Amino acid sequence: KAGVTQTPRYLIKTRGQQVTLSCSPISGHRSVSWYQQTPGQGLQFLFEYFSETQRNKGNFPGRFSGRQFSNSRSEMNVSTLELGDSALYLCASHRQSTDTQYFGPGTRLTVL
Amino acid sequence: AQRVTQPEKLLSVFKGAPVELKCNYSYSGSPELFWYVQYSRQRLQLLLRHISRESIKGFTADLNKGETSFHLKKPFAQEEDSAMYYCALSAVGAGTASKLTFGTGTRLQVML
């Protein structure tokens, strides 16, 4: 069974730009959760999507948004990028909320 | 609010020595606790979760609700155990089961 895939693996953007990251979950998994990992704050929950609906949200500003498609693939978007948005963005797929989360390799975003 | 504390950033042990990675949590409801591990150049993966009560790769962890702890233990460290270990909590029953709250992680270094 193929694992969670994330594209692109690396991104370099400048302040003020926007970015879209993609996550393809494990086949059969309908939930996708997103996390931000930084040296200072560690791993922090961004949001979860299930069946194309946002089900849970973390404490991030509205510049961070996401969506999920009918095939369970998910995208997250960050608008008006700030230097502090530089991080590793991880997505995790699971069958439903209470199931084990399987993580992707992450997208490393650098904001200059 | 949920909080997970891993007091040690780095734990160095000799091969064959016992290992104990500490994890304390703060949550007023009924938590589910996990240990995730990240080996060098690999993705974050689940090591064990307390409800399954399994022993994975020789590791065990017992949930102590009185002390609000979920320490990870292994009787004899192996070189391949060197990795980053994260303790995580999920608030089951609060409608936010998908939101994992992570500790800051402990790097385990097994010395020969």
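Quick caveat, the model's predicted, so the values are computed rather than measured.
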Centroid-centroid distance, A:F45 to B:F102, less than 6.0 Å:
no
Cluster link A:V78 to A:Y49, ILVMFWY, side chain under 4.5 Å
yes
Looking at B:K73, I'd like to know if its NZ atom is crowded, meaning that more than 12 non-hydrogen atoms belonging to other residues, nucleotides or ligands lie closer than 6.0 Å.
no
Would you say that more than 12 heavy atoms from the other residues, nucleotides or ligands in this model lie under 6.0 Å from the CZ of A:R15, or not?
no
Check the hydrophobic clustering (I, L, V, M, F, W, Y; side-chain heavy atoms under 4.5 Å; chains of links allowed) and say if A:I26 and A:W34 are grouped together.
no
Tightest non-hydrogen contact, residues B:R43 and A:P105, listed as NH2-CD, 3.5 Å
Do the non-hydrogen side-chain atoms of B:R49 and A:T100 ever get within less than 4.5 Å of each other?
yes
Answer key: most heavy-atom pairs under 4.5 Å with chain B among A:L46, A:V4, A:L90 is A:V4
Does A:F47 share a hydrophobic cluster with A:L88, counting links as ILVMFWY side-chain heavy atoms below 4.5 Å and allowing steps through other members?
no
Are B:I56 and B:F70 in one and the same hydrophobic cluster, where Ile, Leu, Val, Met, Phe, Trp and Tyr link if side-chain heavy atoms are under 4.5 Å apart?
yes
Check whether A:S33 gets within reach of chain B through its side chain, its backbone, both or neither, counting any heavy atom under 4.5 Å.
side chain
Quickly, which of B:L44, B:T101, B:L100 forms a side chain to side chain contact (heavy atoms under 4.5 Å, CB included) with A:L43? Name it, please.
B:L44
Segment of A:Q44 engaging chain B (4.5 angstrom heavy-atom cut-off)
neither
Using heavy-atom distances under 4.5 Å, tell me whether B:Y86 contacts chain A through its side chain, its backbone, both, or neither.
side chain
Quickly, which of A:Y102, A:Y35, A:F103 forms a ring pair (Phe, Tyr, Trp, His ring centres under 6.0 Å) with B:Y36? Name it, please.
A:F103
Is A:N59 atom CG crowded by more than 12 heavy atoms from other residues, nucleotides or ligands, each under 6.0 Å away?
no
